[in-house]
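Since this is a predicted model, take the numbers as computed values, not measurements. Just so it is clear: chains get the letters A, B, ... in the order the sequence lines come, proteins before strands, and each one is counted from 1.
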Protein chains: 2
Amino acid sequence: MKIQQLSKEIGIGIDTLRIWERRYGFPIPGRDARGHRSYAQDQVEALQLVKNLMNFGLRPGKIFTLTEQQRRAQLQSLLDQGQPSDKRLQRLIDALAPQQIAQAITAMREELGLHRFIQEIAVPLLQLLDHRWTTGNISIAREHLLSDQLEKLLKTELFAPTNTDHPQLLFLTLSGERHKLGLLLAAAAFNSAGINCIWLNEELPLSEVPGLAHELGVAGVALSFSSHYLPRQAKQDLGSLRKQLDQKIKLIAGGHAVHQFTSLPNLLICTDLQLIPQLVRRHFNDPRVTPSN
Amino acid sequence: MKIQQLSKEIGIGIDTLRIWERRYGFPIPGRDARGHRSYAQDQVEALQLVKNLMNFGLRPGKIFTLTEQQRRAQLQSLLDQGQPSDKRLQRLIDALAPQQIAQAITAMREELGLHRFIQEIAVPLLQLLDHRWTTGNISIAREHLLSDQLEKLLKTELFAPTNTDHPQLLFLTLSGERHKLGLLLAAAAFNSAGINCIWLNEELPLSEVPGLAHELGVAGVALSFSSHYLPRQAKQDLGSLRKQLDQKIKLIAGGHAVHQFTSLPNLLICTDLQLIPQLVRRHFNDPRVTPSN
DNA sequence: TTTCATTTTTGTCCTAGACAAAATAGTATT
DNA sequence: AATACTATTTTGTCTAGGACAAAAATGAAA
C-alpha cells in the first residue's frame with residue numbers, strides 16, 4: 001500500500017506519516033524498487049489503532065511510548081468507559097436481513113415516538129456501531145446495512161410533513177465529511193422541535209455554502225464534523241464560514257471534531273442532541289428573532 | 001488562501017500545484033511572512049479555468065501555452081459542442097428552491113410513468129448535469145440540490161412496494177465510487193421490470209461483497225463504475241469479484257468505466273438502461289433460473 | 001484554584017531532485 | 001490505409017531533511 005492510499009484510508013496526512021517515521025520510528029514501511037514507502041497490512045492495522053487512540057484525545061508522544069499490547073489495552077479501557085449495551089440494540093445489530101432490521105426499527109419508532117426513539121435507540125445505536133467499528137467487531141456490510149435502514153427511517157420522518165412555512169435550517173456536510181448520520185439525527189430532532197429543515201445529502205465545498213444559504217433564505221446552517229475531520233480544519237472552516245455568512249444567519253456545528261471548542265462568536269456548538277429543544281426555544285422560537293429581522 | 005485549501009477546493013494535488021509553478025510558471029502565488037504560498041482569489045479562478053479545460057481532456061502542456069483569453073475561448077468552444085438542452089430540463093436546472101424542483105420532478109413522473117420518466121427525463125438530466133458539472137457551468141449547490149431531489153424520488157419508487165418475495169438483486173457501489181445516481185436509475189428500471197431490489201447506500205470494500213451477497217441470498221449483484229473510476233481498476237475488481245462470488249450469483253456491471261469492456265465470462269455488462277427489460281427477460285424471468293437452483 | 005508566561009510537542013509547509021506511468025509521436029508491418 | 005510496436009516526451013507523485021508557528025503541556029505567581 002502506497003503512502004497516499006494509506007493516508008486516505010486512515011485519515012492522516014502524508015507529511016504527518018513521514019514525520020512520525022522520522023521522529024518516533026513508527027510506522028517504518030518497506031520500500032519498493034523505486035525507494036518509495038510500501039506499507040504492509042499489519043502496519044495499516046497498527047496505525048489504525050494509533051488513530052483510534054488519537055480520536056480519544058491521546059497525543060502521539062504518549063501513544064508511541066507504548067507497546068502495541070499497551071495500546072490495545074488502553075483503547076479497550078477507554079472503550080469500556082462507554083455506556084453498556086442495550087439488549088434491544090444487540091438484537092438489532094445481530095439481525096442481518098434488511099427486512100428484519102427495518103421492521104425492528106420501525107416497530108421501536110412506533111412504540112417510543114420520535115423523540116424517545118432518537119434518544120433511546122438511535123443515539124446509543126450510533127455509539128454502539130462506532131464502538132464495534134473501532135474494535136473491528138462488526139462486519140462492514142452489517143454496519144452499512146444497519147445505518148442504511150436508520151437513514152431511511154430518519155429521512156422519511158424528516159421529509160414526511162411537507163412543511164408549510166419557508167425553510168429555516170439548512171443541514172449539510174462540507175466536502176470531505178462523509179459521516180452524515182449524526183447530523184441526520186440532529187435534523188430529525190430539530191424537525192420534531194418544530195423547525196423546518198432542508199437536508200442536503202451531498203457534501204458541499206465551503207465556498208458554495210453562503211450563496212446557497214442566502215438563495216434559500218434560511219435562518220441558519222447546521223454542519224457536523226466527525227472525528228475524522230481535523231479539529232483544526234473544522235475550526236478554520238467554521239471561522240471562514242462565519243465571516244462569509246450574513247450575520248443574521250445562524251451557524252450551528254456539532255460532532256466530535258468540535259467537541260472541545262470554546263464557542264466562537266456567533267456560532268452555536270451543539271454536541272448533545274438532548275439540548276436541541278432547549279436550543280430551539282432560546283434561538284428560534286422567540287418571535288422577535290425570526291429570520292425576517 | 002493556503003496551498004492545502006486550494007488543493008482541496010480545486011481538486012489538484014499539492015505536489016502538482018508546486019510542480020506546475022516550477023515547470024510552467026503558473027500559478028505564481030504570493031508569499032506570507034513565513035515564505036509559504038498564498039493564493040489570491042483571481043489565481044483560484046484562473047486555476048479553475050485550467051481545471052475545467054483539463055476535464056475536457058486537454059493536457060497541461062497545451063493549456064499553459066495559451067493566454068487566459070485563449071483559454072476562455074477554448075472552453076467556450078468546447079462548451080458549444082455540447083448537446084442541445086431540452087427546455088423542460090432547462091427549467092428544472094434553473095429552479096433553485098427544493099420545493100419547486102421536487103414538484104416539477106414528481107409532476108413529470110406522474111405524467112410520463114416511471115419508464116418514460118427514466119428514459120426521457122432522468123437519463124438526459126444526468127447527462128446534462130454531468131456536462132454542466134465538468135464545465136463548471138452550474139453551481140455545485142444547484143447540482144446537488146437537483147440530484148438530491150432525483151435521488152429522493154427514485155428511492156421512494158424503489159422502496160415503495162414492500163416486496164413480498166425474497167430479494168433478487170443487490171445494488172451497491174465499491175469503495176471509491178461516489179456516483180450512485182446512475183446505478184439508482186438502473187435499480188429503478190429493474191424494479192419496474194419486476195425484480196426485487198436491495199439498495200445499499202454506502203460504498204463497500206470489495207472483500208465484503210461476496211459474504212453479504214451470500215448471506216442475503218440474492219440472485220445477483222449489480223455495480224456501477226463511473227468515469228472517475230479507472231477502467232483498469234474496474235476490470236480488476238470485477239475479475240476478482242467474479243472469482244470470489246458463487247457461480248450461481250449473477251454479476252452485472254454498468255457505467256462509463258466499463259463501456260468498452262469485452263464482456264468477461266459470466267458477467268453482464270449493461271451500459272444502456274433501455275436494455276434492462278430485455279436483460280431481465282433473458283436472465284431472470286425464466287422460472288428454471290430462479291435463485292434457488 | 002485560576003492566570004499568565006515559558007517550554008515542548010506536533011503538523012504543515014519549504015526546496016529541489018528522481019523516476020515511472022500515461023500520452024504522444026514515430027516507425028514498421030499486415 | 002489501418003494496426004501494432006517502439007521511442008520519446010509529458011506529467012504526477014514520491015523522496016529527503018530542514019524550518020517554523022500553532023497547540024498543548026508545564027511551571028510560576030497571584
Item to check | Nucleotide C:dG11, atom P - distance to CD1 of A:Ile12 in whole Å | outcome: 8 Å
Next on the checklist: As an exercise, state the distance from SG of A:Cys270 to CD1 of A:Ile276, rounded to the nearest 0.5 Å.
Outcome noted: 4.5 Å
Checklist entry - Which is true for A:Arg22 with a 4.0 Å heavy-atom rule: it touches a base, it touches only sugar-phosphate, or it touches nothing? => result base
Item to check | Nearest-angstrom distance from the residue atom CG of B:Asp15 to C1' of D:dA16 | outcome: 13 Å
Item to check | Residue mapping more 5' on DNA chain D - nearest nucleotide basis, B:Gly61 or A:Gln5 | outcome: B:Gly61
Checklist entry - Which one, C:dC13, C:dG11, D:dC14, comes nearest to the side chain of B:Ile14? => result C:dC13
Checklist entry - Could you give the CH2-to-P distance, from A:Trp20 to C:dG11, as a whole number of Å? => result 6 Å
Next on the checklist: So if I take every side-chain heavy atom of B:Arg34 and compare against D:dG12, D:dA22, D:dA24, which nucleotide ends up nearest?
Outcome noted: D:dA22
Next on the checklist: Using the side-chain heavy atoms of B:Thr16, tell me which of these nucleotides is nearest: D:dT13, C:dC14, C:dA23.
Outcome noted: D:dT13
Checklist entry - Between C:dC14, D:dC20, D:dC14, which nucleotide has the shortest distance from any of its atoms to the side chain of A:Gln4? => result D:dC14
Checklist entry - Between A:Ile63 (CD1) and D:dA24 (C1'), how many Å, whole number? => result 14 Å
Checklist entry - Is there a donor N/O on one and an acceptor N/O on the other, under 3.5 Å, for the side chain of A:Arg18 and the base of C:dG11? => result no
Checklist entry - What is the distance, rounded to the nearest whole Å, between atom CZ of B:Arg59 and atom P of D:dG12? => result 8 Å
Item to check | Residue of the set A:Leu169, A:Leu223, A:Val221, A:Leu183 for which side-chain contact (heavy atoms from CB on, under 4.5 Å) holds with A:Ile252 | outcome: A:Leu169
Checklist entry - For DNA chain D, whose closest nucleotide is more 5', that of A:Gly35 or that of B:Ala33? => result A:Gly35
Checklist outcome for this item: Assert: residue with more 5' nearest nucleotide on DNA chain C, out of B:Ile19 and B:His36, is B:His36
Checklist entry - Which part of the nucleic acid does B:Tyr24 contact within heavy-atom distance under 4.0 Å: base, sugar-phosphate only, or nothing? => result sugar-phosphate
Checklist entry - Taking atom types as they are modelled, is there a donor-acceptor pair under 3.5 Å from the base of C:dG11 to the side chain of A:Arg23? => result yes
Checklist entry - Parallel, tilted or perpendicular for B:Phe64 and B:Trp20, by the 30°/60° rule? => result perpendicular
Next on the checklist: Without decimals, in angstroms, what is the distance between B:Arg37 CZ and D:dC20 P?
Outcome noted: 16 Å
Checklist outcome for this item: Tightest non-hydrogen contact, residues A:Arg18 and A:Ile3, listed as CG-CD1, 3.8 Å
Checklist entry - Are a donor atom and an acceptor atom from the side chains of B:Ser224 and B:Glu177 found within less than 3.5 Å of each other? => result no
Checklist outcome for this item: Separation of D:dA16 atom P from A:Leu17 atom CG, nearest Å, is 13 Å
Next on the checklist: Go nucleotide by nucleotide along DNA chain C from the 5' end; which of A:Gly13 and B:Lys62 gets its closest nucleotide reached first?
Outcome noted: A:Gly13
Item to check | A:Lys2 NZ to C:dC19 P, straight-line distance once rounded to whole Å | outcome: 14 Å
